[in-house]
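One structure below.
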Amino acid sequence: MGDQSTMNILAIETSCDETSAAVVRDGRFVLSNIVASQAQIHAKYGGVVPEVAARKHVEMIVPVIDEALTSAGCTKNDVNLIAVTTGPGLITSLLVGVDAAKSLGFAWDKRIIPVHHIKGHIYANQILEYEGKKVERSRDFIFPIICLTVSGGHSDLVLLRSHQEFEKIGSTVDDAAGEAFDKVAALLGLGYPGGPAVSAQAEKGNRDAISFPSPMIHQDNFDFSFSGLKTAVRQLVETEQKKASQGNKGQLDQKTIQDICASFEKAVARALLEKTFRAVQRFGVKKVILSGGVAANRFLRDEFERRARETGVEFSFPPITLCTDNAAMIGAAAFFQSRENFSYRDIAVRLSGGF
Ligand code: KG4
Ligand code: ZN
């Protein structure tokens, strides 16, 4: 297994509500990627409850790491380095993964690479082989690159000048894009996580039915804002509910729900596209990457693909299963970043966003 020419990284990710461990070879070949999602547990609360998430991580972390090693056909002797997400994320969730990495680092006498969660989402795009299958679209990075990471906790626009030089050039000033999807889904009674449910409804709706605002779109910066859009949806839903029951709260009909979802999705995509491609022009970028859970959204990916083709830049996004939180992306990022590694004594969680 772990001969001198290969680098096997055992990666651990627990920044939010997925307990995940993976073994990644040479940053591009995923030998295993085990993800224990807590989505069903948090669904009844309509969002992630940090205390509940941390307790579940404590329960799952050892079996998940065990399974990642077993299904990769590895023992501790095959592992060269351990990678772990050290932030940003929920502090109590991060601590479980970081403590597991530190314990293994101590027990196995291995060095540890701390990884920024957003770097993980970006490097999901470098993975070449996953579940024994080749990944078609993933090619070597051509710098400079603009990467938009859109998830439940982030809407970050990052400029990569090299594997070591990252600069966050824009971010959300309020809600993250995924959070907006989750809140709109809650308003429409579509359940949690909201993104997939909203996008399934949107596929059947009319994207021009309602003209929702795309806030901050005309401002000369690379920031986003989604809370005004969410409020516009809420007001419309309340109006429609009143209409549906002449003054009392009533059920919206299916067509109205589909049209709201389709028009909302269009407004989100418009804001994301506008700022991303403005950055492409400004920085003379050759490649655009979409990552994070919201990159699983088909409409968004299609719009990015179309715009990239028109602009003449390369575009890529990870396979859908690697868009949402997973440890394979952390193992990939660890391989490509400076690979600066530390003793178990020197690893700590990082709460804020700096690379
Ligand atoms: O990256 P991720 O798994 O976790 C975070 O780091 O937050 O992203 C989860 C987010 C959720 O808000 C979920 O609603 C959203 O990604 N999401 C989607 C879709 N699939 C997941 N949003 C829009 N369309 C989708 N198809
Ligand atoms: Zn994430």
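We count ligands from 1, going down the list as the structure has it; atoms in each ligand are counted the same way.
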For the Zn ion (ligand 2), the nearest N/O/S atom on H121 is atom NE2
Atom indices of ligand 1, in the order listed, that fall short of 4.0 Å to a heavy atom of G194: 14 (O)
Atoms of ligand 1 close to H121 [distance to a heavy atom under 4.0 angstrom, numbered from 1]: 1 (O), 6 (O)
min-distance protein heavy atom vs atom 22 (N) of ligand 1 -> G195 CA, 3.3 Å
Taking just the N, O or S atoms of D325, which one is nearest to the Zn ion (ligand 2)? OD1
So, D156 and S171: side-chain donor and acceptor under 3.5 Å apart, yes or no? yes
Among side-chain atoms of N125 and S316, is any donor-acceptor pair under 3.5 angstrom? yes
Against ligand 1, does P196 come closer than 4.0 Å with any heavy atom? yes
Got a second to check how far E240's CD is from I210's CD1, nearest 0.5 Å? 7.5 Å
Provide, to 0.1 Å, the distance between atom 9 (C) of ligand 1 and the closest protein heavy atom, together with that atom's residue and name. G152 N, 3.7 Å
Test applied, side chain to side chain contact (heavy atoms under 4.5 Å, CB included); reference residue, V313; option that passes from I142, I146, V280, I145: V280
With no hydrogens and no angle check, do the side chains of D175 and S227 hold a donor and an acceptor under 3.5 Å apart? no
Would you mind listing which atoms of ligand 1 come within a distance below 4.0 Å of any non-hydrogen atom of A296? 20 (N), 26 (N)
The Zn ion (ligand 2) - closest N/O/S atom in H117: NE2
Please state which protein non-hydrogen atom is closest to atom 14 (O) of ligand 1 and give its distance, to 0.1 Å? D182 OD1, 2.7 Å
Could you walk me through whether H57 and D17 pass the side chain to side chain contact (heavy atoms under 4.5 Å, CB included) check? CA-CA 8 Å; H57 284 310; D17 62 338; 5.5 Å; no
If two hydrophobic side chains count as joined below 4.5 Å and joins carry through other members, does F226 share a cluster with I169? yes
Does H117 reach ligand 1, in the sense of a heavy atom lying below 4.0 Å from it? yes
